[in-house]
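Every chain is numbered from 1 and lettered A, B, ... according to where its sequence line falls, protein lines coming before strand lines.
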Amino acid sequence: MSEEIPKKLVAAISGGVDSSVAAAIFLEQGCELIAVTLKMRSCENPPDKRKSCCGIEDDMYARGAAEKLGIPHYFLNAREQFEERVLRNAWHEYSLGRTPNPCALCNRHLKFGALLDYAVKIGAGGIITGHYSRIERNESGVSLHRGVDPEKDQSYFLFGLTPEQLGKSFMPLGPFTKSEVREKARRFGLPNAEKTESQDACFGFRDETFAQTLCGLFKGTPRRGLIKDKSGKAIAEHDGIHLFTIGQRRGLGIALGAPAYVVEIRPDSGDVIVSKDENDLLSDRLTASNLNWQAADFAGRKFSCLAQIRYRGKAVEAEVVPLPDGRVEVKFEKNMRAITPGQAVVFYEGERLVGGGWID
RNA sequence: UACCCCGUGGUGUAAUGGUAGCACAAGUGCCUUUGGCGCACUUAGUCAAGGUUCGAAUCCUUGCGGGGUAG
């Protein structure tokens, strides 16, 4: 493996333990590293920030880690791209009654987009990230595999990476579990070794959900409407379809004697349909658009695989059938719960991620 | 106007003389590099005022509120 590693690499440092350890691992192998922290819009207005993952505190941790490792550290301004390619896209999705997946977009456009471009521009051979996924390289090319820690595997969010992006990426944490990584952090003496996990969207303000923040940011007009049951009977009013997603239970504010779940969102009328029957959430098929193939030989043909509908969801046996219009139909071996438009379907062959697309 | 029925936490209900329970909702926490699901915990009630009784959501009286029936 070592001979394939470029001598000079950019280490994507977020401030968290993972990316710092990833950098440390490569440093041990004698690489010349340059630490870079992506600055996204969320890093502004620290006092208003709810999360710590992109706040000023993380910038300090990132700087501290780079310092400890003895490598230069820079911030890369990606605010505009983040706003356009991730946030605006996400808001648009909400307006269509879909549920965006900002992390997948961010990976494709920011971390493995803007940041990778920057790395190449300054003459680095690629980037190192702290994702819990494995990238394998051999004569036939690059491939992405699940991380060995099933609780931390993040390959789902990386389905949108092209083979080219993968080829210039390095994810040294894939073979390790979270606790092993933390142990390494201690050994390396990293200042963020005991830092708590970051979680939730890295962009959002206090007491607001991601959707609410986006609505305010883009001065969007919430598509208000009614919460109805399957028969069309109105049950309550709601403040905007962006506040709902398929399968959602909490936040509906309606007491029907049994839990009620969102089964459909109609962007045109603003209706949100709920049902007390969880069976209404079950379906064994879906179609997906804008496919991305990391394994070229899977494109355009029918195949069987393990398909995953959501992050941390269980992958299920499925058959993928190409459609004439370039989309794909996925038929699952068993019913899936709450297939959600806007989320990704990701195809695995064993541990290997072969491709994926966006659920219609 | 008379007669009848009903009135329990935010919602729907259980308990007809003896510790006011359940479901849903809501809140908090856990989980989680999206959204959701899930799990744990918590909050909150007998319409009001009198009376009977050792003891009342439960019985009686009145009032208030809602519904029904009275050519």
* **Conformer about C1'-N of B/C31 - syn within 90° of 0, anti elsewhere** => anti
* Is there a Watson-Crick or G-U wobble partner for B/C30 with both distances under 3.5 Å, and which nucleotide is it? -> B/G38
* To do: Can you tell me the pairing partner of B/G65 across any strand shown, Watson-Crick or G-U wobble, with both distances under 3.5 angstrom?
  => B/C6
* A/Glu194 bridged to A/Arg186 by N-O distance under 4.0 Å -> yes
* Whole-Å P distance, B/U1 and B/A14 -> 32 Å
* To do: Would you state whether a donor and an acceptor, one from the side chain of A/Thr340 and one from the base of B/G35, lie under 3.5 Å apart?
  => yes
* To do: Send over the distance from A/Phe210 CZ to B/U33 P, rounded to a whole Å.
  => 17 Å
* Asked: Is A/Asp284 salt-bridged to A/Lys334, cutoff N-O under 4.0 Å?
  -> no
* **Pair A/Arg285 + A/Glu329, salt bridge at N-O below 4.0 Å** => yes
* Asked: Hey, does A/Pro100 reach any base, or is it just sugar-phosphate, or nothing, if we go heavy atoms under 4.0 Å?
  -> base
* Asked: Should B/U33 be called syn or anti, with syn set as within 90° of 0?
  -> syn
* To do: Using the P atom as the reference point in each nucleotide, state the distance between B/U16 and B/G71 in Å, no decimals.
  => 38 Å
* Write down the distance separating the C1' atoms in B/C22 and B/G63, rounded off to the nearest Å. => 32 Å
* To do: Take the protein atom CD1 of A/Ile241 and the nucleotide atom P of B/G35, then report the distance between them rounded to whole Å.
  => 18 Å
* A/Arg310 has an atom CZ; how far is it from atom P of B/G38, in whole Å? -> 11 Å
* To do: Go ahead and name the base partner of B/U16; Watson-Crick or wobble counts if both distances stay under 3.5 Å, otherwise write none.
  => none
* Ignoring hydrogens and angles, state whether a donor on the side chain of A/Glu136 or A/Ser143 is under 3.5 Å from an acceptor on the partner side chain. => no
* Base, sugar-phosphate, or nothing: which does A/Arg337 touch, judged by heavy atoms less than 4.0 Å apart? -> sugar-phosphate
* Structure fact -> Closest of B/U33, B/U32, B/U11 to the A/His131 side chain is B/U33
* How do A/Leu256 and A/Glu278 order along RNA chain B: which one's closest nucleotide is nearer the 5' end? -> A/Leu256
* To do: Starting from C1' on B/U34, measure out to CG on A/Asn89 and report it in whole angstrom.
  => 12 Å
* Spacing of the P atoms in B/G7 and B/U46 (rounded, Å) -> 15 Å
* Please list residues of residues 242-254 of chain A whose heavy atoms come under 4.0 Å from any atom in RNA chain B, ordered by number; otherwise none. => A/Thr245, A/Ile246, A/Gly247, A/Gln248, A/Arg249, A/Arg250, A/Gly251, A/Leu252, A/Gly253, A/Ile254
* Side-chain H-bond candidate by donor/acceptor type, A/His131 with A/Ser133, under 3.5 Å -> no
* Asked: Taking only N and O in the side chain of A/Tyr311, is any of them less than 4.0 Å away from OP1 or OP2 of B/U32?
  -> no
* Looking only at atom C1', what distance separates B/G12 and B/G50, rounded to whole Å? -> 31 Å
* **Lys/Arg-Asp/Glu bridge criterion (N-O < 4.0 Å) met for A/Arg337, A/Glu278** => yes
* Let me know the distance between NE2 of A/His92 and C1' of B/G35, rounded to the nearest Å. => 18 Å
* **Base-pairing assignment for B/G71 (Watson-Crick or G-U wobble, both under 3.5 Å)** => none
* Asked: Can you list the steps and then say if A/Asp268 with A/Arg223 is a salt bridge (Lys or Arg N to Asp or Glu O under 4.0 Å)?
  -> CA-CA 9 Å; A/Asp268 296 330; A/Arg223 186 72 179 87; over 6 Å; no
* Complementary nucleotide of B/U11, counting Watson-Crick and G-U pairs under 3.5 Å -> B/A23
* Asked: For A/Asp18 and A/Tyr132, does a side-chain donor sit closer than 3.5 Å to a side-chain acceptor?
  -> yes
* To do: Look at the side-chain heavy atoms of Ile, Leu, Val, Met, Phe, Trp and Tyr, link any pair under 4.5 Å apart, and say whether A/Val330 and A/Phe303 land in one connected group.
  => yes
* What interatomic distance, in whole Å, is found between C1' of B/U61 and the corresponding atom of B/C54? -> 23 Å
* Mapping A/Gln154 and A/Gly257 to their closest nucleotides on RNA chain B, which lands nearer the 5' end? -> A/Gly257
* Asked: Quantified in whole Å, what is the C1' atom distance between nucleotide B/G10 and nucleotide B/A26?
  -> 8 Å
* How close or far is atom C1' of B/G35 from atom CH2 of A/Trp91, stated in whole angstroms? -> 14 Å
* To do: For the pair A/Asp59 and A/Lys39, find out whether any cationic side-chain nitrogen is under 4.0 Å from an anionic carboxylate oxygen.
  => yes
* Asked: Can you tell me how far C1' in B/G38 sits from the matching atom in B/U32, rounded to whole Å?
  -> 11 Å
* Contact class for A/Ala258 vs. all strands (heavy atom < 4.0 Å): base, sugar-phosphate, or nothing? -> sugar-phosphate
* Asked: What integer distance in Å separates A/Ile227:CD1 from B/U11:P?
  -> 17 Å
* Can you tell me the distance, in whole Å, between the OH atom of A/Tyr156 and the P atom of B/U34? => 11 Å
* Asked: Within the structure, does a side-chain N or O atom of A/Lys152 lie under 4.0 Å from either OP1 or OP2 of B/U33?
  -> yes
* Between the side-chain atoms of A/Gln343 and the base atoms of B/U34, is any donor-acceptor pair under 3.5 Å? -> yes
